[in-house]
Amino acid sequence: MKRTFAWVMAVLFAVTGYGWLRCAEGGELEKGKALYEDRCLLCHGPKGDGKGPGSIALDPKPANYTKKSFWEDPNIQQKIPETIKAGKGQMRPSPDLKDEDIQAIILYMTTTFKPK
Ligand code: HEC
């Protein structure tokens, strides 16, 4: 009897724990997507190729996240948050974004645009 109870609890924890993790990850990605669409899409584009509607008038053009070379930069994990916070050229800074917002945007960029 005791053993059955332990098993039931173990399975229950496994299932709810897994569900919770999946949900947290999905939520993070959804948040990153929403922030990207709100703050970055205009210039960097829906496909992340730097060809958003607002990019037409820009020179130099917004970064293209679908290129391997963008991700090959060894400092890319620092560069993205720094660029978001400080801006670069015609890209305006977004100092109001929290670190967790920025991490969500990076997660979205990595899962959606980074070439395999
Ligand atoms: C007003 C248009 C615009 C918006 C909005 C914008 N960017 Fe940019 N972004 C640019 C331009 C233009 C460049 C290229 C700047 C340069 O090289 O002078 C750039 C460059 C970058 C780079 C490359 C920096 C480097 O050093 O190579 C990253 C990373 C980046 N943007 C991320 C983002 C993210 C994330 C968002 C949303 C939070 C965003 N940008 C919103 C226009 C924009």
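We count ligands from 1, going down the list as the structure has it; atoms in each ligand are counted the same way.
Counting the atoms of ligand 1 from 1 in the order shown, those under 4.0 Å from a heavy atom of P60 are 12 (C), 16 (C), 17 (O), 18 (O).
A 4.5 Å side-chain heavy-atom check between K85 and L97 finds every atom pair outside the cut-off. Under the 4.5 Å side-chain criterion, counting only non-hydrogen atoms from C-beta, F70 is not in contact with F113.
Residue E82 places no heavy atom under 4.0 Å from ligand 1. Under a 4.0 angstrom heavy-atom cut-off, K88 registers as being in contact with ligand 1. Not a single heavy atom of L42 lies less than 4.0 angstrom from ligand 1.
Note: an N/O pair closer than 3.5 Å links H44 and ligand 1 by distance alone. In terms of polar-atom proximity, defined here as any N/O pair under 3.5 Å, R39 makes no such contact with ligand 1.
Of the protein's heavy atoms, M91 CB, 3.5 Å lies nearest to atom 42 (C) of ligand 1. Protein heavy atom closest to atom 38 (C) of ligand 1, with residue, atom name and distance, is C40 SG, 2.7 Å.
The pair D96-R39 meets the salt-bridge criterion, since a charged nitrogen lies less than 4.0 angstrom from a carboxylate oxygen.
The part of Y65 lying near ligand 1 is the side chain, judged by heavy-atom distances below 4.0 Å.
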* To do: I would like to know whether Q77 and I106 meet side chain to side chain contact (heavy atoms under 4.5 Å, CB included); could you show each step before the answer?
  => CA-CA 8 Å; Q77 293 304 326; I106 297 176; 3.8 Å; yes
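The aromatic rings of Y65 and Y36 stand perpendicular to each other, their planes meeting at an angle above 60°, with 30° marking the opposite boundary.
The closest heavy-atom contact to atom 4 (C) of ligand 1, among the options S94, C43, G32, comes from C43.
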